[in-house]
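Structure first, then comments.
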Amino acid sequence: MTATPRTPAEREDVLSALLRLPDAVLAAIATDGVVLPMPASVGVPPERVMPPSADRATFLDAVLPADAMTVITAWERARTHGVGLATVHGRREPEVPLSLTFVDVREAHGVFVGALEVLDAASPERGPAPLAGLEVSRRPRTATVCKTSLAVITEIDERTTRMLGWTAAEMVGQRSSEFVHPDDQERAIANWLELLSRQESQRVRLRHRRADGSWAWLELENQYVPADDPADAVVVTQMSDVSDEMAAHEALRQQERLLRRLTEALPQGILQLTADREVVHANSRLQVLLGVPAVDGWADLAAVADEAGREALETALSRVLVDGEDAALEVGIRTPAGEARVCAVSLVALSDREGAPGALVCVSDVTDSARMREELTAKATFDPLTGCHNRASTMAVLEAALADPGGRPTAVVFVDLDEFKPVNDTLGHDAGDELLVTTAHRLAGVLRKDDIVGRLGGDEFLVVSRGVDGPDAAAALGRRIRAALSVPAEISAGAVRLQASLGVACSEPGLDGAALTKRADQAMYASKQGRRGEPVLWTADLGAPVLV
């Protein structure tokens, strides 16, 4: 909801409240934001007034650069609604929060009034010290110095003194190198020699010592003024304070160094690519994961991926770079040394908001977890004794086959071993287990590629064969199984007769897995009651079994 603009009377009340604050420091402000001399009509004691600066300073020069937008927002609010409030931090003691108030009293006094007050001024530990002697001031951004061809300073302007704090007496007669940072001396000398050699203007950025011991980044434009005698030549140096710009560059470099350190500390491989797939950064962990001496491009990752993984990676990267869609996938890789690994690869789209379009690729070694997942999947899918599908996974495969809308019929064969119990009772359970394993192997040996064998429990098996041509093909499957199980089994205890009752059923529209299995089970019982070992095909009336 937009606040209602304050009336002139309300704004005068705000000003009166600010004047009653014993520790607040106030300033008069012009409509363009520049600090002015305080009108006497406002009634502020001189010791509580921020004096104006000779360089048209604003409140932005009294607070930290990070709070600049906060000040601007409060100022705009004061211009539109009469009063603007904010919390900022001053340059003198940045850790101390300050309450900032702007109030428009132009009707009565011709100016805006700004006020700063320490938020915890009442605290006995703090008090008003942070605002003691506070003034809004700004160092000049430019200054001029004259030097001889030997870099001896001959003249400075008053802006140099306000910029660096040195008086003319302290600088004139000194070599300019006396004020240059030791680390910048070599660059300063090289630039100066080039200036004398070419006698053309030269630019260089050097750190200069201020009188208070701090350092200022200055951009120097040295202009060579020739004379008849080269020894009388003069160099006029225009100095521009670029400390804020260099501080921003240094902060950015620090962030880049921190990010590089972070990427090196991560257990994942990190690869940053441009939109043209050029490498911006690759951490050392990535080359360890891939088993290569260095990562020079996307091709190094694609080269060690298996065929399916290579295609998936290419598709994912194209979607990231073209459509800006993030992707996550798992690929198998084989290092040049022959080590097989499974890696999780995440691809994140980068845009101009992150600096430049491209992709961030994160690679993690998930070999152990993938192997564990496969083991858990196998335990949940397969019978540990025979290697067949277990009951649950068999029924899931069957339901999936029946749900295929365009598929051909699915046949099932219910297999129940005859006289299995006597084997267990006379030869022992180990012999019974061997017989079950032999049965599973023989069943698998007569199936097509996509057929499966499931162990439903005990000595019962279910063969699922999708895509058969109809009941005749299902019956043929039953006969192949009968033939495979008609040969005695050779186990540790010797040759054992292997025979089973078989029930065959073929799917029909609308029939689910449980119903189809029940039909095969009914046919299997008909087989037990009829000729031993002869498969029976389910019909609507099993009172007259159909032998296949």
Side-chain angles (χ1 to χ4, degrees), residues 66 69 245 248-374 376-377 400 403-407 449-450:
M69 286 307 303
E245 178 186 344
H249 286 311
E250 178 58 27
L252 181 59
R253 286 192 292 268
Q254 289 177 348
Q255 290 181 348
E256 291 176 347
R257 289 193 292 268
L258 176 59
L259 288 175
R260 294 293 174 96
R261 292 289 300 274
L262 286 174
T263 61
E264 291 300 327
L266 291 173
Q268 293 87 14
I270 303 296
L271 175 64
Q272 183 183 351
L273 299 172
T274 67
D276 296 328
R277 305 191 179 193
E278 297 294 329
V279 174
V280 177
H281 174 64
N283 68 350
S284 57
R285 177 61 180 164
L286 181 61
Q287 63 191 55
V288 172
L289 284 175
L290 303 184
V292 297
V295 177
D296 299 319
W298 171 256
D300 294 313
L301 174 57
V304 297
D306 57 28
E307 183 176 355
R310 193 177 305 118
E311 294 178 0
L313 284 171
E314 181 61 31
T315 300
L317 182 62
S318 296
R319 292 179 63 182
V320 167
L321 296 178
V322 176
D323 302 325
E325 297 182 10
D326 297 347
L329 61 157
E330 200 169 272
V331 298
I333 69 168
R334 183 169 293 276
T335 68
E339 184 179 359
R341 292 191 179 124
V342 179
C343 290
V345 183
S346 298
L347 299 96
V348 179
L350 301 177
S351 65
D352 292 332
R353 296 180 60 183
E354 288 80 31
L360 184 65
V361 184
C362 302
V363 183
S364 303
D365 186 348
V366 294
T367 305
D368 292 340
S369 60
R371 184 180 298 116
M372 184 178 298
R373 184 174 64 246
E374 290 177 357
L376 292 174
T377 301
D404 185 358
K449 178 181 177 181
D450 295 332

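Basis for what follows: all heavy atoms, side chains included, without hydrogens, waters or symmetry-related copies. No experiment lies behind these values; they were computed from the predicted model shown.
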Between [X] and [Y], what is the shortest heavy-atom contact and its length?
X    : Y    : value
L321 : A275 : CD1-O, 3.9 Å
G291 : P336 : O-CD, 3.5 Å
L347 : L329 : CD1-CD2, 3.5 Å
A282 : V295 : CB-CB, 4.1 Å
L313 : A305 : CD1-CB, 4.0 Å

Spacing of [atom1] belonging to [X] relative to [atom2] belonging to [Y], to within rounding of 0.5 Å:
X    : Y    : atom1 : atom2 : answer
L376 : R373 : CG    : CZ    : 9.5 Å
N283 : L262 : CG    : CG    : 11.0 Å
E264 : L259 : CD    : CG    : 12.0 Å
L266 : R261 : CG    : CZ    : 12.5 Å
L271 : L289 : CG    : CG    : 12.0 Å
R341 : L290 : CZ    : CG    : 8.0 Å

Student check: side-chain heavy atoms of [X] and [Y] closer than 4.5 Å:
X    : Y    : result
L317 : R277 : yes
D296 : V279 : no
V342 : V331 : no
V366 : C343 : no

Legend entry - Donor-acceptor pair, side chain of Q287 and main chain of P293, under 3.5 angstrom: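 Yes, because the side chain of Q287 sits within donor-acceptor range (under 3.5 Å) of the backbone of P293.
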Legend entry - Short side-chain to backbone donor-acceptor contact, R285 and Q268, under 3.5 Å: no
Inset, instruction - Would you please say whether a donor-acceptor pair under 3.5 Å links the side chains of T274 and D276? - result: no
Inset, instruction - Please assess C362 against V345 for the test side-chain contact (heavy atoms from CB on, under 4.5 Å), listing each intermediate value before the final yes or no. - result: CA-CA 6 Å; C362 302; V345 183; over 6 Å; no
Inset, instruction - Indicate yes or no: does R253 engage E256 in a salt bridge with an N to O separation below 4.0 Å. - result: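 A salt bridge is absent here (no side-chain N lies under 4.0 Å from a carboxylate O).
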Inset, instruction - Give every residue pair that meets the salt bridge (charged side-chain N to carboxylate O under 4.0 Å, His left out) criterion with at least one member in residues 320-329, sequence neighbours excluded. - result: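 Passing the test, one end in residues 320-329: R319-E325.
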Legend entry - Set of residues satisfying salt bridge (charged side-chain N to carboxylate O under 4.0 Å, His left out) with respect to E311, sequence neighbours excluded: none
Legend entry - Heavy atoms from other residues, nucleotides or ligands near CD of E307 exceed 12 (cutoff 6.0 Å): no
